[in-house]
Amino acid sequence: QIPKGSCVLLTPKGAPCCGPGGMSGFIDCHCHLAAQDFQTDIDEVIEESKKTGILALVAVAEHAGEFERLIELSNKYPGFVLPCLGVHPVQGNPPQEQRSATLEDLQNALPLIEKYKDCLLAIGEVLVRGV
């Protein structure tokens with residue numbers, strides 16, 4: 001049992017290279033598990049991924065608002081959901097509200113990246129255009 005507010009240490013060295021019994025498989029290296037599309041069925045999506053032979057999911061965040069959710073998922077599925085925090089270069093939804101990420105977006109994300117740095121597989125999605 002992982003205490004609330006803590007995280008599982010995940011490093012590239014600790015990432016799985018093969019499945020149970022030495023079985024090889026695939027790692028999804030870029031998925032958006034914190035997206036609104038998965039709010040109602042994320043557990044089923046993850047379990048189905050495991051059943052199909054996926055070894056791990058590198059879950060990326062599009063903005064700081066998704067960080068906590070990714071850490072929760074990585075704690076719930078240690079060694080399978082591997083968090084990657086950052087700021088996507090395109091912010092806003094729906095499309096008519098989209099804009100390029102700004103330095104302010106990145107600055108808002110940095111405290112959470114610092115907080116969870118020992119839990120991260122990687123930092124990604126950090127392109128800031130026009131800065």
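The analysis underlying the following values was restricted to heavy atoms, covering all of them including side chains, and did not include hydrogens, waters or symmetry mates.
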Could I get the full list of side chain to side chain donor-acceptor pair (under 3.5 Å) partners for [X], not counting sequence neighbours?
X: Asp43; value: Lys76, Tyr77
X: Gln107; value: none
X: Gln39; value: none

(request) Flag the pair Ile71 / Cys119 as yes when at least one side-chain heavy-atom distance between them is below 4.5 Å, and no otherwise. (result)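 Heavy-atom side-chain distance check passes, below 4.5 Å.
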(request) Please tell me if the side chains of Cys84 and Leu121 come closer than 4.5 Å, counting only heavy atoms from C-beta onward. (result)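 They are not in contact (no side-chain heavy atoms under 4.5 Å apart), so the answer is no.
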(request) Grab the two heavy atoms, one from Phe67 and one from Ala109, that are nearest each other, plus how far apart they are. (result) CE2-O, 3.6 Å
(request) Could you pull out the closest heavy-atom pair between Leu33 and Phe38, with the gap in Å? (result) O-CB, 3.8 Å
(message) For Ala34, give me all partners under side-chain contact (heavy atoms from CB on, under 4.5 Å), at least two apart in sequence or on another chain.
(response)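 If we apply the side-chain contact (heavy atoms from CB on, under 4.5 Å) test to Ala34, skipping adjacent residues, the hits are Glu66, Arg69, Leu70.
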(message) Please enumerate all residues that pass side-chain contact (heavy atoms from CB on, under 4.5 Å) together with Asp37, with sequence neighbours excluded.
(response)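 Result, side-chain contact (heavy atoms from CB on, under 4.5 Å) vs Asp37: none returned.
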(message) With rounding to the nearest 0.5 angstrom, report the OH to OG distance, Tyr116 to Ser74.
(response) 9.0 Å
(request) Mind checking salt bridge (Lys or Arg N to Asp or Glu O under 4.0 Å) for Glu68 and listing every partner two or more places apart, or none if nothing turns up? (result) Lys115
(request) Go through the structure and list residues passing salt bridge (Lys or Arg N to Asp or Glu O under 4.0 Å) with Glu114, not counting sequence neighbours. (result) Lys117
Quiz: residues 46-58 side-chain donor-acceptor pairs under 3.5 angstrom, not counting sequence neighbours:
unit_1: Ser49; atom_1: OG; unit_2: Val45; atom_2: O; d: 2.9
unit_1: Thr52; atom_1: OG1; unit_2: Glu48; atom_2: O; d: 3.4
unit_1: Thr52; atom_1: OG1; unit_2: Ser49; atom_2: O; d: 2.9

